[in-house]
Peer 1: 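Just dropping this structure here.
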Amino acid sequence: MTDITYLQNPTEFPALDEALFEVPSVARLATHERSRHKPRFLMLYGSVRQRSYSRLLTFEAARLLEAMGGEVKVFNPSGLPLPDDAPDTHPRVKELRELVQWAEGMVWTSPERHGAMTGILKAQIDWIPLALGAVRPTQGKTLAVMQVSGGSQSFNAVNQMRVLGRWMRMVTIPNQSSVAKAFMEFDEDGRMKPSSYYDRVVDVMEELVKFTLLTRDASSYLVDRYSERKESAKELSKRVNQRSI
């Protein structure tokens, strides 16, 4: 026997601004015209060593994204100043921010260092503002996360990057890649050897492209929020009232 608890007053919402309440709509998700350009991806990596395995893994993923029809740009973090140690007019900061605005999806790849992502990757993310004017440059964009480790497989860095992706309102895909003992997984030319690790990278990039194609034309609707509509309405009312004084 199942106990059922019935809701009291199920159609009454005393705390709700009904004028701003919306029922999610399939029609709003199905845009009338799909983008025709290639999906655009920005890739960040977290090491500037001469033989950087996070960079090598990033390049492997970039090749796959291009083979799957994407347009890819890889940002080189060398020369990027520490956050707040230079004005946001610094050429490397401006370059990074312009790339973030250009991209429809991103890939973050970091070594695991001291059980965490590297400061190099975090510095790049910290230079990305939550807002540029009225625009949130990462909101609604897709994200894939990957890491390399010098020892056994770990997920500390990808887990941290997932938290950051959520904080920056990105659509972080379910799949991810963690390559253990990365120094054994690349040949002398810097190409990744055949392995289950490589197969997972293919899986992750395939999933990223699918999610990007699925969401990029509806991203503004996907991240449209009741609380922000309510806040915007209050600000609009405030401005109108000020003009009438």
Peer 1: Give the minimum heavy-atom separation between A180 and Q153, together with the two atoms involved.
Peer 2: CB-N, 3.4 Å

Peer 1: How long is the gap from OG1 on T212 to NZ on K38, to the nearest 0.5 Å?
Peer 2: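 If I round to the nearest 0.5 Å, the distance is 15.0 Å.
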
Peer 1: What distance do S195 atom OG and M184 atom CE have between them, rounded to the nearest 0.5 Å?
Peer 2: 10.5 Å

Peer 1: At what distance, to the nearest 0.5 angstrom, does CZ of F21 lie from CZ of R229?
Peer 2: 9.0 Å

Peer 1: Checking R55 side chain against Q50 main chain: does a donor-acceptor pair fall under 3.5 Å?
Peer 2: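 Yes: the side chain of R55 pairs with the backbone of Q50.
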
Peer 1: Give a yes or no on whether the backbone of E12 and the side-chain of N9 come within a donor-acceptor separation of less than 3.5 Å.
Peer 2: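 Not at all, since once roles are kept as given, no pair shorter than 3.5 Å links the two residues.
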
Peer 1: Where do E60 and M205 land on the side-chain contact (heavy atoms from CB on, under 4.5 Å) test, with the steps shown first?
Peer 2: CA-CA 10 Å; E60 287 293 341; M205 294 307 109; over 6 Å; no

Peer 1: Within a strict 4.5 Å, meaning less than it, do heavy atoms of the L143 and W108 side chains meet?
Peer 2: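 Sidechains of W108 and L143: in contact.
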
Peer 1: Determine, stepwise, if the pair E112 / V148 fulfils side-chain contact (heavy atoms from CB on, under 4.5 Å).
Peer 2: CA-CA 6 Å; E112 180 174 324; V148 293; over 6 Å; no

Peer 1: Testing the basics here: between P137 and I128, what is the closest heavy-atom pair and its distance to 0.1 Å?
Peer 2: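 Here P137 and I128 meet closest at CG-CG2, 4.3 Å.
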
Peer 1: Side-chain contact, heavy-atom cut-off 4.5 Å: R166 with T172?
Peer 2: no

Peer 1: Looking only at heavy atoms, which two atoms of S54 and T109 are closest? And how far apart?
Peer 2: O-CG2, 3.7 Å

Peer 1: Determine, for E185 against K193, whether the closest basic-nitrogen to carboxylate-oxygen distance falls under 4.0 angstrom.
Peer 2: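 Salt bridge flag = no for K193 with E185.
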
Peer 1: Side-chain contact test, heavy atoms from C-beta onward, threshold under 4.5 Å: evaluate it for M192 versus L56 and give yes or no.
Peer 2: no

Peer 1: Any donor-acceptor pair under 3.5 Å linking the side-chain atoms of R200 with those of Q176?
Peer 2: no

Peer 1: Are the side chain of Q147 and the backbone N or O of S110 linked by a donor-acceptor pair below 3.5 Å?
Peer 2: no

Peer 1: Looking only at atom types and distance, does a side-chain atom of R162 sit under 3.5 Å from a main-chain N or O of P174, one as donor and one as acceptor?
Peer 2: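 Judged by distance alone, yes, a pair lies under 3.5 Å.
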
Peer 1: Ignoring hydrogens and geometry beyond distance, is a side-chain donor-acceptor pair present between H90 and E95 at under 3.5 Å?
Peer 2: no

Peer 1: Output yes when a side-chain donor or acceptor of K141 lies under 3.5 Å from a complementary backbone atom of A103, and no otherwise.
Peer 2: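 Confirmed, K141 side chain pairs with A103 backbone.
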
Peer 1: Could you tell me whether D84 atom CG has more than 12 heavy atoms of other residues or ligands within 6.0 Å of it?
Peer 2: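 12 or below, so no.
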
Peer 1: Where do V158 and S177 come nearest, in terms of heavy atoms and distance?
Peer 2: CG1-O, 3.8 Å

Peer 1: Is D189 reaching over with its side chain to a backbone N or O of R191, donor-acceptor style, under 3.5 angstrom?
Peer 2: no

Peer 1: If we check side-chain contact (heavy atoms from CB on, under 4.5 Å) with P39, which of these qualifies: L213, V72, L65?
Peer 2: L213

Peer 1: Look at the side chain of D85 and the backbone N and O of P81, then say whether any donor-acceptor pair between them is shorter than 3.5 Å.
Peer 2: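 The answer is no, because no donor-acceptor pair under 3.5 Å joins these two groups.
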
Peer 1: Going by the ring pair (Phe, Tyr, Trp, His ring centres under 6.0 Å) test, which pairs reach into residues 176-203, not counting sequence neighbours?
Peer 2: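 Found Y53-F186.
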
Peer 1: Determine, stepwise, if the pair L29 / Y221 fulfils side-chain contact (heavy atoms from CB on, under 4.5 Å).
Peer 2: CA-CA 7 Å; L29 288 169; Y221 179 58; 3.6 Å; yes

Peer 1: Look at the side-chain heavy atoms of Ile, Leu, Val, Met, Phe, Trp and Tyr, link any pair under 4.5 Å apart, and say whether L20 and V23 land in one connected group.
Peer 2: yes

Peer 1: With the side chain counted from C-beta on, respond yes when L57 and V201 share a heavy-atom pair under 4.5 Å apart, and no when they do not.
Peer 2: yes

Peer 1: Between M117 and M161, is there a side-chain heavy-atom distance shorter than 4.5 Å?
Peer 2: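 When only atoms from C-beta onward are counted, M117 and M161 do touch, with a gap below 4.5 Å.
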
Peer 1: Could you tell me whether the side chain of L121 reaches within less than 4.5 Å of the side chain of I125, counting heavy atoms only?
Peer 2: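 Touching, per the 4.5 Å side-chain cut-off.
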
Peer 1: Under a 4.5 Å cut-off applied to non-hydrogen side-chain atoms, are M43 and M106 in contact?
Peer 2: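 Sidechains of M106 and M43: no contact.
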
Peer 1: Is there a path of hydrophobic side-chain contacts, each under 4.5 Å between heavy atoms of I/L/V/M/F/W/Y residues, joining V100 to V107?
Peer 2: no

Peer 1: When rounded to the nearest 0.5 angstrom, what is the spacing between NZ in K210 and CG in L214?
Peer 2: 11.0 Å

Peer 1: Consider only side-chain heavy atoms of I, L, V, M, F, W and Y, link residues closer than 4.5 Å, and tell whether M170 and V204 are in one cluster.
Peer 2: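 The answer is no; the residues belong to distinct hydrophobic clusters.
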
Peer 1: So how far is it from L42 CG to F75 CZ, rounded to the nearest 0.5 Å?
Peer 2: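 These two atoms lie 8.5 Å from each other.
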
Peer 1: Do you know which two heavy atoms are closest between V171 and G140, and how far apart they sit?
Peer 2: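 Smallest heavy-atom distance, with atoms named: CG2-O, 3.9 Å.
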
Peer 1: Within a radius of less than 6.0 Å around NE2 of H37, do more than 12 heavy atoms belonging to other residues, nucleotides or ligands occur?
Peer 2: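 Check passes, neighbour count above 12.
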
Peer 1: What's in the same ILVMFWY side-chain cluster as V48, cut-off under 4.5 Å, chained through other members?
Peer 2: I120

Peer 1: Indicate yes or no for a side-chain donor-acceptor contact from R113 to the backbone of T118 under 3.5 Å, with no hydrogens or angles considered.
Peer 2: no

Peer 1: Applying side-chain contact (heavy atoms from CB on, under 4.5 Å), run through W127 and R92 and close with a yes or a no.
Peer 2: CA-CA 10 Å; W127 271 119; R92 303 279 5 248; over 6 Å; no

Peer 1: Compare all side-chain heavy atoms of L96 with those of L44 and state whether any distance is below 4.5 angstrom.
Peer 2: yes

Peer 1: Looking at K122 and D126, is there a salt bridge between them, counting it only when a charged N and a carboxylate O are closer than 4.0 Å?
Peer 2: yes

Peer 1: Is there a donor-acceptor pair under 3.5 Å between the side chain of E104 and the backbone N or O of D217?
Peer 2: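 No.
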
Peer 1: State the OG1-CG distance between T142 and L208, to the nearest 0.5 angstrom.
Peer 2: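 That separation rounds to 4.5 Å.
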
Peer 1: Within a reach of under 6.0 Å around CH2 of W102, are more than 12 heavy atoms found that belong to other residues, nucleotides or ligands?
Peer 2: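 Check passes, neighbour count above 12.
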
Peer 1: With clusters defined by side-chain heavy atoms of hydrophobic residues (ILVMFWY) lying less than 4.5 Å apart, directly or transitively, does Y45 cluster with L164?
Peer 2: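 No.
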
Peer 1: If you look at every heavy atom in Y226 and D17, which pair is closest and at what distance?
Peer 2: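 Smallest heavy-atom distance, with atoms named: OH-N, 2.8 Å.
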
Peer 1: Show your working on side-chain hydrogen bond (donor to acceptor under 3.5 Å, both in side chains) between S154 and S149 and close with a plain yes or no.
Peer 2: CA-CA 7 Å; S154 170; S149 303; 5.1 Å; no

Peer 1: Is a salt bridge present between D224 and R28, judged by a nitrogen-to-oxygen distance below 4.0 Å?
Peer 2: no

Peer 1: Output yes when R169 and E228 qualify as a salt bridge under the 4.0 Å nitrogen-oxygen rule, no when they do not.
Peer 2: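 E228 and R169: salt-bridged.
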
Peer 1: Does R225 CZ have over 12 foreign heavy atoms under 6.0 Å away?
Peer 2: yes

Peer 1: Salt-bridged, R63 to E66, with N to O below 4.0 Å?
Peer 2: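 Between E66 and R63 there is no salt bridge, as every charged N stays at least 4.0 Å from the carboxylate O atoms.
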
Peer 1: Shared ILVMFWY cluster between I173 and V202, side chains joined below 4.5 angstrom?
Peer 2: yes

